[in-house]
Every structure is written in structure tokens, then in C-alpha cells.
Protein chains: 2
Amino acid sequence: MSVDRDQVLRSAAALLTRKGSATMDEVARAAGISRATLHRHFAGRDALVRALEELGIQECETALAAARLGEDSAEEALRRLVKEIQPAAGLLAFLVTENQLFEDDAQHEGWSRLDDNIGALFRRGQESGEFRIDLTPVWFTEALYGLIGAAAWAVLDGRVAAKDFTHMIAELLIGGARRRVEP
Amino acid sequence: MSVDRDQVLRSAAALLTRKGSATMDEVARAAGISRATLHRHFAGRDALVRALEELGIQECETALAAARLGEDSAEEALRRLVKEIQPAAGLLAFLVTENQLFEDDAQHEGWSRLDDNIGALFRRGQESGEFRIDLTPVWFTEALYGLIGAAAWAVLDGRVAAKDFTHMIAELLIGGARRRVEP
DNA sequence: ACCAGGTGAGACAAATTTGTCTCACGAGAT
DNA sequence: ATCTCGTGAGACAAATTTGTCTCACCTGGT
């Protein structure tokens with residue numbers, strides 16, 4: 001029976017998210033295949049990580065497209081983005097810790113495209129008066145990534161409920177911790 | 001001349017934050033010492049990581065003590081905490097990615113102590129009416145760690161200015177992205 | 001001058017991981 | 001029934017990393 005490449009990547013992501021130092025053998029066993037087969041599909045560990053990077057970027061781009069960042073208010077668009085990106089959160093949490101991907105000067109073009117699109121969303125929110133202007137869109141973007149990673153880890157460890165994922169991130173990012181006075 | 005153990009740990013943290021897969025040889029060279037000397041001070045890679053964990057916990061505890069989390073408003077205390085914890089941010093960013101530290105059931109007791117203290121701060125803010133109650137103290141705590149890590153990485157990559165560290169984290173965490181209407 | 005302690009450089013074996021290969025097996029197609 | 005393709009299992013060498021050891025050197029104190 002032929003191996004489902006996508007399923008292998010997803011189980012690899014799940015394992016590597018928990019244990020970034022997992023060997024090719026462990027990755028193979030986690031996917032339920034032999035190391036030989038894993039090597040037939042991915043030339044080596046580098047190729048595997050690169051494939052995971054591709055998958056992560058692709059899932060993020062899908063999420064961005066589905067979130068229609070240019071429509072409605074920036075706040076609503078941001079909530080949609082967080083909701084749509086949740087399935088990719090675990091993979092994303094792994095990729096951001098894989099600093100091997102960023103240590104060489106030539107990082108994947110997909111990340112800058114994503115950064116630009118998300119940054120543009122925050123900029124739109126600032127220009128429309130929704131968002132504060134004393135924090136930069138770049139920081140908002142980085143903070144979004146950081147919160148997604150933190151939430152993914154907290155869910156994995158069982159410290160917070162998975163169903164609260166979207167609410168936790170979006171509410172904190174948009175409204176912060178301060179109690180809002182009823183209008 | 002005797003080696004400054006603390007300085008070795010700090011340079012190791014700086015290197016491992018950028019490249020988590022650095023070998024003992026690279027760590028030694030980064031510290032300006034030989035691999036033999038590095039081994040004389042830290043029995044192996046595990047011992048080195050554990051020592052970094054100890055250092056990180058200790059620095060966080062120092063920061064917590066200096067921030068006097070029980071005094072003034074929770075918001076003011078939180079701002080002090082972020083400010084005091086900034087020197088440990090890089091080390092912290094490395095430690096949270098070192099999931100080796102958490103994969104065994106017996107994690108360092110120091111982390112739970114820190115979590116408890118920080119969680120208590122957020123709970124105090126909720127009970128005093130400063131902070132919203134639809135997000136849990138646990139999530140606030142995780143989000144703080146996530147934002148600290150994200151900020152540390154962004155500063156390392158030059159995407160944001162180091163001098164904005166405290167302001168970025170505290171403002172986003174406390175006030176969120178939404179523009180506040182003048183009272 | 002002498003000594004003691006700490007260090008650097010290098011050699012070495014052991015352990016681990018990786019990449020490649022061969023061979024046998026089994027499911028599905030013809 | 002036969003063929004073919006993909007897979008599992010295992011062997012194997014190469015590369016990497018680690019841990020340990022020895023020896024020479026240097027510096028500070030006596």
C-alpha cells in the first residue's frame with residue numbers, strides 16, 4: 001500500500017513539535033512506516049524539515065485566503081485569521097522553534113509574503129483608527145506568531161482547552177488583559 | 001586563568017538561542033574556551049542545559065522579587081515584571097524551545113513556582129477588577145512567556161528595537177491592540 | 001626559582017545518527 | 001497465475017558527536 005505523504009508529514013510535525021530532536025527512525029515509527037520508506041519519500045532530515053516548512057507555509061496561505069483579511073473591519077478579519085490558522089498552529093509552533101530554517105540568510109520567500117500580508121492587516125487597522133499606533137505592525141505580527149505558539153503548546157500540555165484557542169488568542173491580542181468599561 | 005562559569009553560561013545561552021543544535025565544540029568556541037575546559041565545568045550537554053535552566057529560573061526569580069508583584073496595582077506590577085525580566089528574555093526564549101526539559105514527567109520545580117507567582121498576579125488583577133475574567137490566569141501566564149519569547153527573537157533578528165522591549169510586551173498584554181478611546 | 005592549579009590542543013574510542021544497499025514479502029493489476 | 005510496484009526488515013559503512021585521556025604550557029602565589 002502506498003504511503004500517504006501528507007499523513008507522514010503531519011505525524012512528523014506532531015512528533016517534532018513535542019520532541020524537536022527526534023531521529024529519522026522515531027519519525028518513521030511515529031508515522032507507522034519504516035525508516036527505508038521515509039528515506040524514499042524525503043532524502044534526509046533536511047528535506048523533511050523543508051517539506052514541513054512548505055506544508056506550514058501552504059497551510060498559512062490557505063488560512064490567510066480563507067480569512068479574507070481585506071474585508072470587514074480589521075478586528076473581524078483578525079478573528080477570522082486566528083480561527084482559520086488554528087489547524088496549522090501545531091506545525092507553526094514547531095517551525096518557529098526550528099531556527100535552522102532562519103539561520104542562513106536565504107529564508108523561504110513564503111514567510112515574508114505571509115508577514116507582509118499580516119502586517120498589512122494591522123496597518124489597515126491602524127489607518128482606520130481601530131488599532132493603536134504606538135505599537136508597530138511588525139510587532140503585532142510577531143506577537144501573533146508568539147501567541148499562536150504559546151497557545152499551541154499550552155493546549156498540547158493540557159493547560160488550556162483546545163476549544164478556547166481562537167478566543168484566547170484573538171481576545172488577548174485585540175483587547176488585552178485590561179477589563180473594558182461597559183460603553 | 002580560571003574560567004568564569006557564569007560568563008560561559010551566558011555565551012552558551014546566546015549561541016543556543018540562535019542555534020539550538022550547536023555542538024559542545026561550538027559552545028566552547030563561542031565562550032572562548034576549549035572543549036576540554038567546557039567538559040571540566042559541565043559534565044555533558046545535558047548538564048549544560050540543566051545549568052542553563054537553573055540560571056534561567058534563578059534570573060526569573062530575581063526578576064519576580066525585584067518586581068514586587070504584590071504591591072501597587074496589578075498593572076503596575078506587571079509592567080515592573082516585564083521590565084525586570086528583560087535581561088533574562090534571551091535565555092528564556094531558548095529554554096522554552098528546549099522541550100527536552102519538559103518531555104519527562106518530572107520538570108523542574110522552579111517553573112511551577114514561577115508559574116504560580118505570575119498566575120497569582122493575574123488572579124489578583126482579576127479580583128481587583130483591573131483585568132478581564134473571561135481569560136484564565138494560566139493563559140495570561142502562557143501568553144506572557146510567548147510574548148517575551150517573540151520579542152526576544154524579534155530583537156535578535158533586528159525587526160524591532162531592543163529599547164521598546166518592555167513597552168511592546170506590557171502594552172500589548174495589558175491593553176491589547178485596540179485603540180483606546182480617551183476617557 | 002619553584003610549585004600548584006587550571007587551561008589548550010590533540011588523540012582516541014564509543015555511541016549515535018545518517019544514508020545506502022539488498023532481499024524478501026504482499027497487495028493489487030493484468 | 002503471474003507480474004509489478006511499493007514496502008519492511010536488516011545489514012553496512014560513513015559521518016558526526018560525545019566523553020575521556022594525556023601532555024605541554026602558562027599564570028599566579030610561595
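A quick note: this is a predicted structure, and the numbers were derived from the prediction, not measured. So you know, we letter chains A, B, ... as the sequences are listed, proteins then strands, and number each from 1.
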Participant: Just how far, in rounded Å, is C1' of D/dT17 from CZ of B/Phe42?
Facilitator: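 For the pair B/Phe42 CZ and D/dT17 C1', the rounded distance is 19 Å.
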
Participant: Rounded to the Å, how far apart are B/Leu38 CG and D/dT17 C1'?
Facilitator: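 Rounded to whole Å, this separation is 13 Å.
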
Participant: Within the distance-only criterion (no hydrogens, no angle test), does the side chain of A/Glu98 pair as donor or acceptor with the backbone N or O of A/Val49 below 3.5 angstrom?
Facilitator: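 Not a single qualifying donor-acceptor pair exists.
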
Participant: Can you measure A/Arg35 atom CZ to C/dG19 atom P for me and round it to whole angstrom units?
Facilitator: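 Spelled out: CZ on A/Arg35 to P on C/dG19 is 9 Å.
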
Participant: Heavy atoms only: give me the nearest B/Ala151-B/Met168 pair and the separation to one decimal.
Facilitator: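 Closest heavy-atom pair between B/Ala151 and B/Met168: CB-CE, 4.2 Å.
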
Participant: Taking NE2 from A/His41 and C1' from D/dG8, how many angstroms apart are they, rounded to a whole number?
Facilitator: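 It works out to 13 Å between those atoms.
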
Participant: Write down the atom of A/Phe165, the atom of A/Val82, and the distance for their closest heavy-atom approach.
Facilitator: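 Heavy atoms only, the tightest pair is CE2-O, 4.1 Å.
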
Participant: In whole angstroms, how far is the C1' atom of C/dG5 from the CZ atom of B/Arg40?
Facilitator: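 Going from B/Arg40 (CZ) to C/dG5 (C1'), I get 11 Å.
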
Participant: OP1 or OP2 of D/dG8 sitting under 4.0 Å from any side-chain N/O of A/Thr37?
Facilitator: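 Yes, such a contact exists.
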
Participant: Quick one, A/Glu75 and B/Arg178 - any side-chain contact, counting heavy atoms below 4.5 Å?
Facilitator: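 Yes; the side chains approach each other to less than 4.5 Å.
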
Participant: Which one, D/dG19, D/dG8, C/dG8, comes nearest to the side chain of B/His39?
Facilitator: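 It is D/dG19.
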
Participant: Can you check the A/Arg45 CZ to D/dT17 P distance for me, whole Å?
Facilitator: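 After rounding, the gap between these two atoms is 13 Å.
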
Participant: Tell me the interatomic distance from A/Glu26, atom CD, to C/dT16, atom C1', rounded to whole angstroms.
Facilitator: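 Roughly 11 Å, once rounded to whole Å.
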
Participant: Please tell me if B/Ser34 has a side-chain N or O lying less than 4.0 Å from either OP1 or OP2 of C/dG8.
Facilitator: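 It does, given that an N or O in the side chain of B/Ser34 lies less than 4.0 Å from OP1 or OP2 of C/dG8.
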
Participant: What is the distance, rounded to the nearest whole Å, between atom CG of A/Asp25 and atom P of D/dG8?
Facilitator: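 My rounded result for the distance is 12 Å.
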
